[in-house]
Amino acid sequence: MQDGQQAQFADRIRRIQAGGPNTFATVYTGLQDVDTPAGNKVSGVQHKAPVIEGRLSVGELLSLGLKSGMLKLVALGSGLLLFLHFAGG
């Protein structure tokens, strides 16, 4: 190792022995609006999710799920009524 690397390594060992972190990394939290390749600086960090075109919102998904469930319930109920009517139950 070179002198600079040895000094850096010794500093890390001292931090570990003192109970400190063993890293020089910067931690970013939250969503990004861009895909950042590994090794590059992070840019465009946001606090809200980006809106993706062609993707349904939560409200629209809930509405579609409710409509689908109601349609299945009506179909099942109708089939049960027809069965009971013709089966003589």
Side-chain angles (χ1 to χ4, degrees):
M1 280 196 279
Q2 297 175 357
D3 291 336
Q5 291 174 325
Q6 288 177 350
Q8 195 176 40
F9 184 73
D11 287 341
R12 281 187 171 194
I13 295 298
R14 279 192 291 275
R15 278 199 310 275
I16 292 169
Q17 289 172 344
N22 181 22
T23 180
F24 288 111
T26 302
V27 178
Y28 296 96
T29 60
L31 299 173
Q32 294 179 200
D33 63 351
V34 293
D35 292 328
T36 305
N40 291 351
K41 290 185 177 181
V42 176
S43 63
V45 175
Q46 299 184 14
H47 294 288
K48 294 184 180 179
V51 177
I52 300 172
E53 291 184 30
R55 192 176 216 182
L56 297 176
S57 69
V58 173
E60 291 170 329
L61 288 172
L62 286 173
S63 176
L64 287 174
L66 180 63
K67 289 176 186 175
S68 173
M70 292 300 289
L71 182 63
K72 290 175 184 176
L73 185 64
V74 167
L76 181 65
S78 299
L80 183 62
L81 285 175
L82 286 172
F83 172 76
L84 291 175
H85 178 71
F86 289 112

Tracing side-chain links under 4.5 Å among I, L, V, M, F, W and Y, which residues wind up in one group with [X]?
X   : answer
L62 : V58
L81 : none
M70 : L66

Next on the checklist: For L64, is there any backbone N or O sitting under 3.5 Å from a side-chain donor or acceptor partner on S68?
Outcome noted: no

